[in-house]
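Just so it is clear: chains get the letters A, B, ... in the order the sequence lines come, proteins before strands, and each one is counted from 1. Any value given below was found using the heavy atoms of this structure, including those in side chains, with hydrogens, waters and symmetry copies removed.
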Amino acid sequence: MNETTFKVRFLDKDITSIYILEDSTADACIKTLMEFNGTLAIDTETMPLPQYRDYPKAGLSPHLATIRLIQIYDGKQSYVFDLMFIKRRKKLIKLLETKKFLAHNAVFDYKFLRKLGAKHIELGCTRIIYKLISHAVYPTDAGLSASLEALCSTILKSPIYKDAQTSDWGEPNLTFEQVEYSAVDPIAVWELGKRFKNGINKFNLWKIYKLTKEAQYPICEMQLNGVGLDVDKHTANIHAWRDKLYASKKILMEHLGTTRITDTKIREWLGANLDPYTLSFWPVTETSGQLSVSASTFSDYEHLEIVKPLTIFKKFQTLCNTFGDQLINCVNPETGRIHSDFNICGARTGRLSSSKPNLQNFPRSTIYRQVFIPAKGKILVLADFSQIEVRVAGEYSQDKVLLDAYRNGSDIYSITAAHLSGKHISEVQSGSPERQNAKALVLGLMYGLGANSFCSYAKKGYGVEVSQEKASKDIKEFRKLYHSLRSWQLDQTAMCQESLIATTKYGKIRCLAADNWYGSSLNTPIQGTASEINLQSMVNCYHKIKGTDIKMFNNIHDEIVLECSKDLKNDAIKVLKDSMTDAYLQCFPDGVVNNLVQPSWGYNWGEAK
DNA sequence: TCTCTTAGCGCG
DNA sequence: AAAGCGCGCTAAGAGA
């Protein structure tokens, strides 16, 4: 298709669009846009680099693809710049760096624009805004899609046809449908932005939007940087897992009389072979009432000979299936590293989520995590917030016992354990059953755990046996010890039952589901605010490391991992300590920050922790 | 054959 | 009256 001016129809209007292939036209259009006052809507289409044309989903990776089209809408006209033919990179970048922009899923475009050479772009995101508003309005995410295509239908009532999105954007001669589609995208973003303003105002979401918007920059850099994978070590781990898996599978194959060990087969076998007495006590699943075949159930019945191989089988099946080869498949062929997606407001509390692969749920043991490595000659420096959620609960409730404990640098779990067991605090060692018990109690009870669940939780999570009576007594004691926390909880749940709305410190609003409001009403302000402190830390950190050789490596809710050369180790530690402490104080100006941030370092992630 | 749901489990 | 929360990924089964 040649350079041309055409009309696209969107929201019952015909909008002039221009497909730009020549530098002289580009110059004139950039000049017009430079004179624009306000926020421009932007979108990009990407094409795989020639050598990765056949690589699956290469167009989504800024390392395997490049920008083909940049589309900008100024409220009057849609400009489609074709970078395959236009040479004016510097002018375009100047435009990007000068004006303010709005995009849908802006981090995606920003990654490519950064690779194109842009240093910093003022960039809003309609996807983030949509998330913030929909979390405030709808009790669940069920059936809601945050894609631009979906929002055109649901919000603008003006469907767009995304067939073109997955088309071949590397073909020099684009079809009219492709160019037409690309011209519509920024118009849709513009219109969404217009409508969303009311929502942000209505729910007073400006502060949380500002934070999440700023957080886009460190998150973008983190994704571009990625994490290194020690493929040899990881492969060795996988082989060890498989050996154990096959050994246990062999035993099970004999017992079950089949080569295919599935949950259904295990259930059948258990039903037919367990003695009636054991069967009557065997746990069943939540919704369908089937026999439980979870690893934790098996570990409860390990005294039965047959259950032993089941426990092992389950464990190593999970490791192999979830944390095995997939990781190696995620290694980017260009960078040799893994570049996960991090989803801003991925959780309704406001937490980040991570996917493809999820870098936030990798097993904790050193032997597993040591496969994540920095670039050659570099180290990892990390810091995590110590007991951030308990601290936030303390700040919310201003519970004196809780806050004093942190002020004095004492261990909250030990204090609780001492109180409950009647022992002196010096007798409650770290790792002792009393302290483990208390830890389960503190974390669970913050979010409304009951005596019933507490028993199974203590056993499952911490291997601590607690009777119902003991649990009830412990809960009462806990509420007496932290009585201000308790009254905050009572206020909070009473308020949320009435309003079905929970909020965070930065003003994120979560509409609670009528059938799941109780626990969430306690959890949302705490987990949500903790995640805001995390985001603020990343923002602070981003400004400190910009222009240095310190890079963002990973973020796991309350932990930030940096990558740098060894001689920058102390700088990186200071960056983390300051960024995180400041973030906490930005949220709670009179907050207690003793022993708040715990830094460490190592040659790989496992060792650094 | 495909899509959706359920159960289960890794992390915080 | 009582009630822990938040994710993403996988396999298997159900439904169309």
Self-check item: Beyond-backbone contact of A/Cys220 with A/Val107, side-chain heavy atoms, under 4.5 angstrom
Solution: yes

Quiz item: Between C/dA3 atom P and A/Glu286 atom CD, what is the distance in whole Å?
Solution: 14 Å

Quiz item: Can you tell me how far P of B/dC11 sits from CG of A/Leu443, to the nearest Å?
Solution: 15 Å

Quiz item: Got more than 12 heavy atoms from elsewhere within 6.0 Å of OH, A/Tyr138?
Solution: no

Exercise. Check the angle between the aromatic planes of A/His303 and A/Tyr301 and answer parallel, tilted or perpendicular using the 30° and 60° thresholds.
Key: tilted

Quiz item: Using the ring of each side chain (for Trp, its six-membered ring), is A/His234 parallel, tilted or perpendicular to A/Phe362, with breaks at 30° and 60°?
Solution: tilted

Practice problem: Taking only the side-chain heavy atoms of A/Thr318 (C-beta and beyond), determine which of C/dG6, B/dC9, B/dC11 contains the nearest atom. | Solution: B/dC9

Self-check item: Greater than 12 external heavy atoms within 6.0 Å of A/Ile367's CD1
Solution: no

Quiz item: What's the closest nucleotide to the A/Phe323 side chain, out of B/dG8, C/dC5, B/dG10?
Solution: B/dG10

Quiz item: Any side-chain N or O of A/Thr493 under 4.0 Å from OP1/OP2 of C/dA3?
Solution: no

Quiz item: For the ring pair A/Trp605 and A/Tyr368, is the centre-to-centre distance below 6.0 Å?
Solution: no

Quiz item: Which whole-number value in Å describes the distance from A/Arg351 CZ to C/dG8 P?
Solution: 11 Å

Exercise. Kindly indicate whether the side chain of A/Met538, heavy atoms from C-beta on, has any atom under 4.5 Å from the side chain of A/Ile219.
Key: yes

Practice problem: Round to the nearest Å and state the distance from A/Tyr447 atom OH to C/dA3 atom C1'. | Solution: 16 Å

Quiz prompt | Nearest-angstrom distance from the residue atom CG of A/Asn555 to P of B/dC11 | solution = 17 Å

Practice problem: Can you sort out which residues in residues 354-365 of chain A have a heavy atom within less than 4.0 Å of DNA chain C? Ascending by number, please. | Solution: A/Ser354, A/Ser355, A/Lys356, A/Asn358, A/Asn361

Quiz item: Can you give one letter per nucleotide of nucleotides 11-16 of chain C, going 5' to 3': B for a protein heavy atom under 4.0 Å from the base, S for sugar-phosphate only, - for none?
Solution: SSS---

Exercise. Round to the nearest Å and state the distance from A/Ile344 atom CD1 to C/dG8 atom P.
Key: 14 Å

Quiz item: For the residue pair A/Phe372 and A/Phe553, is the inter-centroid distance of their aromatic rings smaller than 6.0 Å?
Solution: no

Practice problem: Would you please classify the geometry between the A/Tyr396 ring and the A/Trp488 ring as parallel, tilted or perpendicular, with 30° and 60° separating the classes? | Solution: tilted

Exercise. Using whole Å, report how far CD of A/Glu559 lies from P of C/dG6.
Key: 22 Å

Quiz item: Of the non-hydrogen atoms in A/Arg510 and A/Thr349, which two are nearest, and what is the gap between them?
Solution: NH1-CG2, 3.8 Å

Quiz item: 5'-most contact on DNA chain C: A/Asn452 or A/Thr349, nearest heavy atom basis?
Solution: A/Asn452

Quiz item: NA contact type, A/Ser292, heavy-atom cut-off 4.0 Å: base, sugar-phosphate, or nothing?
Solution: sugar-phosphate

Quiz item: Could you give the CG-to-P distance, from A/Asn343 to C/dG6, as a whole number of Å?
Solution: 16 Å

Quiz prompt | Electrostatic pair A/Arg242:A/Asp325 at N-O distance under 4.0 angstrom | solution = yes

Quiz item: Think A/Arg369 has a side-chain N or O under 4.0 angstrom from the OP1 or OP2 of B/dG10?
Solution: no

Quiz item: Do A/Lys233 and A/Glu607 sit within salt-bridge range, that is, some charged N less than 4.0 Å from a carboxylate O?
Solution: no

Exercise. Fill in the dot-bracket string of DNA chain C, one character per base: . for unpaired, | for a pair to another strand, ( ) or [ ] for pairs within the strand, taking Watson-Crick or G-U pairs under 3.5 Å.
Key: ....||||||||||||

